[in-house]
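As structure tokens, the structure follows; a few thoughts come after it.
Chain A is the first sequence line, chain B the second, and so forth, proteins listed ahead of strands; every chain is numbered from 1. Values reported hereafter were calculated over all heavy atoms of this structure, with side chains retained and with hydrogens, waters and symmetry mates removed.
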2 protein chains.
Amino acid sequence: MNKAKQTKLEKKGWKLGTADEFLNLSADELAYIELKLALSDKLKAKRVSKKLTQAELARIMKSSQSRVAKMEAGDPAVSIDLLIKSLLALGVSKKELGRSIS
Amino acid sequence: MNKAKQTKLEKKGWKLGTADEFLNLSADELAYIELKLALSDKLKAKRVSKKLTQAELARIMKSSQSRVAKMEAGDPAVSIDLLIKSLLALGVSKKELGRSIS
DNA sequence: ACATAATATGTCAGAAATGACATATTTTCA
DNA sequence: TGAAAATATGTCATTTCTGACATATTATGT
């Protein structure tokens with residue numbers, strides 16, 4: 001894990017602590033974060049490809065524009081559950097979901 | 001969706017309401033539930049294959065035996081986040097995770 | 001059958017995620 | 001440039017999830 005990657009994650013709001021703590025980030029924890037960010041990216045790509053605004057997507061899934069923004073920003077305080085529900089609401093199949101995780 | 005499947009889900013604690021409501025379960029909602037159950041099953045299979053007890057897995061991931069039991073039971077009040085964290089703690093790769101979702 | 005281990009079920013206080021709202025910032029386009 | 005649309009950021013009350021615990025039920029081995 002390089003410094004650039006760390007900086008990018010920290011910018012998104014992930015509290016990675018000191019450099020020492022960061023180096024101690026377990027493979028599991030890292031995989032979890034990467035997985036979330038992969039879903040975030042997928043969500044944004046899918047929404048844009050469908051030409052929907054964040055507000056429109058929010059209405060479809062009975063959420064709010066601000067939460068959609070946070071989802072796409074990879075905000076740590078957004079659950080994988082919500083990301084997955086959003087992707088399903090956009091018509092992404094389980095198969096496609098699985099592919100975007102790997 | 002047949003009656004047998006409905007019964008099985010309801011037994012796990014999913015509140016699907018009346019038959020009418022059940023028929024109105026959207027494809028998204030169903031996909032979400034199926035996805036969760038797939039992860040539940042994967043978790044149990046993986047734990048058993050590693051010859052760990054629920055209590056041992058709980059210790060590894062700093063949870064509790066009862067929560068592990070609920071995860072494996074497909075309890076609706078367990079997040080996908082926790083299921084995924086558990087699978088990662090058991091050494092499942094993102095790739096394998098993606099495969100088990102699809 | 002019996003003890004012991006493993007798993008399941010119910011509950012709850014505290015922690016985390018949620019939708020909603022206000023408002024700031026950025027993008028788009030005439 | 002400047003107005004309008006879209007997106008981002010911050011906050012908060014309510015809802016949902018969590019680990020922990022007690023206890024019930026079920027499996028395992030002798």
Side-chain angles (χ1 to χ4, degrees), chain A residues 7-17 28-29 32-33 35-37 39-90, chain B residues 7-17 28-29 32-33 35-37 39-90:
Chain A
T7 303
K8 190 175 167 204
L9 288 175
E10 283 175 342
K11 204 155 168 237
K12 283 174 181 284
W14 295 93
K15 295 192 208 70
L16 301 172
D28 298 355
E29 293 167 324
Y32 174 77
I33 292 176
L35 201 141
K36 245 171 133 170
L37 295 181
L39 293 175
S40 288
D41 291 350
K42 179 82 179 174
L43 177 62
K44 173 150 192 178
K46 204 71 188 174
R47 175 183 64 80
V48 170
S49 81
K50 290 217 158 194
K51 299 199 202 305
L52 294 172
T53 65
Q54 291 182 346
E56 286 167 340
L57 172 56
R59 184 179 40 71
I60 290 172
M61 43 175 304
K62 294 172 186 175
S63 183
S64 60
Q65 178 270 325
S66 58
R67 190 136 296 271
V68 173
K70 279 156 194 162
M71 284 191 249
E72 293 183 356
D75 188 316
V78 168
S79 72
I80 288 184
D81 287 69
L82 192 62
L83 286 165
I84 287 181
K85 281 178 183 168
S86 306
L87 285 164
L88 292 175
L90 280 173
Chain B
T7 303
K8 190 177 165 202
L9 288 176
E10 283 174 343
K11 206 157 166 235
K12 283 175 181 282
W14 294 94
K15 296 192 207 71
L16 300 171
D28 298 354
E29 293 167 325
Y32 174 76
I33 292 175
L35 200 141
K36 244 170 133 170
L37 296 182
L39 293 175
S40 289
D41 291 350
K42 180 81 178 175
L43 177 63
K44 173 150 193 177
K46 204 71 189 175
R47 175 183 64 80
V48 170
S49 82
K50 291 218 159 196
K51 298 197 201 307
L52 293 172
T53 66
Q54 291 181 345
E56 286 167 340
L57 172 56
R59 185 179 40 72
I60 290 172
M61 45 176 300
K62 293 169 186 179
S63 182
S64 61
Q65 178 270 324
S66 58
R67 188 134 301 267
V68 172
K70 280 157 194 162
M71 283 191 251
E72 292 183 357
D75 188 316
V78 168
S79 71
I80 288 183
D81 288 70
L82 192 62
L83 286 165
I84 287 182
K85 281 178 184 169
S86 306
L87 285 164
L88 292 176
L90 280 173

Interatomic distance where [atom1] belongs to [X] and [atom2] belongs to [N] [whole Å]:
X: B:M61; N: D:dG19; atom1: CE; atom2: P; result: 6 Å
X: B:K85; N: C:dA15; atom1: NZ; atom2: C1'; result: 12 Å
X: B:K62; N: C:dA16; atom1: NZ; atom2: P; result: 14 Å
X: B:R59; N: C:dT7; atom1: CZ; atom2: C1'; result: 17 Å
X: A:L82; N: D:dC17; atom1: CG; atom2: C1'; result: 14 Å
X: B:D75; N: C:dT9; atom1: CG; atom2: P; result: 9 Å

- [ ] Answer with base, sugar-phosphate or nothing: what part of the nucleic acid does B:S64 contact at a heavy-atom distance below 4.0 Å?
- [x]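 Answer is base: heavy atoms of B:S64 come under 4.0 Å of a base.
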Open item on the list: Students often get this wrong, so: under 4.0 angstrom with heavy atoms, is A:V68 touching a base, only sugar-phosphate, or nothing?
Closed with: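 Counting heavy atoms under 4.0 Å across all strands, no contact is made by A:V68.
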Closest to the [X] side chain: [options]?
X: A:K70; options: D:dA20, C:dT18, C:dA20; answer: C:dA20
X: A:K44; options: C:dT18, D:dA8, D:dT18; answer: D:dA8
X: A:R67; options: D:dC21, C:dC21, C:dG19; answer: C:dG19
X: A:A77; options: C:dT9, D:dA8, C:dA17; answer: C:dA17
X: B:S79; options: D:dT18, C:dT9, D:dT7; answer: D:dT18
X: A:S66; options: C:dC21, D:dA20, D:dT18; answer: C:dC21

- [ ] Quantify the bending of the helix from C:dA1-D:dT30 to C:dA30-D:dT1 as the angle between its end axes, each fitted on five pairs, to 10°.
- [x]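 Computed angle between terminal axes is 70°.
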Open item on the list: Is there a side-chain contact between A:M61 and B:D28 in this structure, where contact means two heavy atoms from C-beta onward sitting under 4.5 Å apart?
Closed with: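 When only atoms from C-beta onward are counted, B:D28 and A:M61 do not touch, as no gap falls below 4.5 Å.
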Task: Heavy-atom side-chain contact between A:R47 and A:E72 under 4.5 Å - done: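 Yes - at least one pair of side-chain heavy atoms lies under 4.5 Å apart.
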Distances under 3.5 Å between protein N/O atoms and the N/O atoms of nucleotides 28-30 of chain D, please, pair by pair.
none

Task: Shortest non-hydrogen separation from A:A69 to A:Q54 and the atoms involved - done: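 Minimum heavy-atom separation between A:A69 and A:Q54: CB-OE1, 3.5 Å.
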Task: Quiz item: B:E72 side-chain donor-acceptor pair to C:dA8 base, under 3.5 Å - done: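 By the distance-only test, no, there is no pair.
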Open item on the list: I'd like to know if the side chain of B:K36 reaches the main chain of B:P76, judged simply by a donor and an acceptor atom lying under 3.5 Å from each other, with no hydrogens or angles considered.
Closed with: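 The answer is yes, because a donor-acceptor pair under 3.5 Å joins these two groups.
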Quick one: [atom1] on [X] to [atom2] on [Y], what's the gap to the nearest 0.5 Å?
X: B:K50; Y: B:I60; atom1: NZ; atom2: CD1; answer: 8.0 Å
X: A:L90; Y: A:S49; atom1: CG; atom2: OG; answer: 8.0 Å
X: A:K85; Y: B:E29; atom1: NZ; atom2: CD; answer: 9.0 Å
X: B:I84; Y: A:L35; atom1: CD1; atom2: CG; answer: 5.0 Å
X: A:K46; Y: A:L52; atom1: NZ; atom2: CG; answer: 11.5 Å
X: A:L57; Y: A:S63; atom1: CG; atom2: OG; answer: 8.0 Å

Task: Closest-nucleotide 5' rank along DNA chain C - winner of B:V48 and A:M71 - done: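 The residue whose closest nucleotide sits nearer the 5' end is B:V48.
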Open item on the list: I want to confirm an ordering. Mapping B:D81 and B:Q65 to their closest nucleotides on DNA chain C, which one lands closer to the 5' end?
Closed with: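 That would be B:Q65.
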Task: Which residue lies more 5' along DNA chain D, comparing B:I80 with A:T53 via nearest heavy atoms - done: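 Looking at DNA chain D, the more 5' nearest nucleotide goes with A:T53.
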State whether [X] places a side-chain N or O below 4.0 Å from either non-bridging phosphate oxygen (OP1 or OP2) of [N].
X: B:S63; N: D:dG19; answer: yes
X: A:R47; N: D:dT7; answer: yes
X: B:Q54; N: C:dA8; answer: yes

Open item on the list: So if I apply the side chain to side chain contact (heavy atoms under 4.5 Å, CB included) rule between A:M71 and each of A:L43, A:L87, A:L39, which one comes out positive?
Closed with: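 It is A:L43; the other options fail the test.
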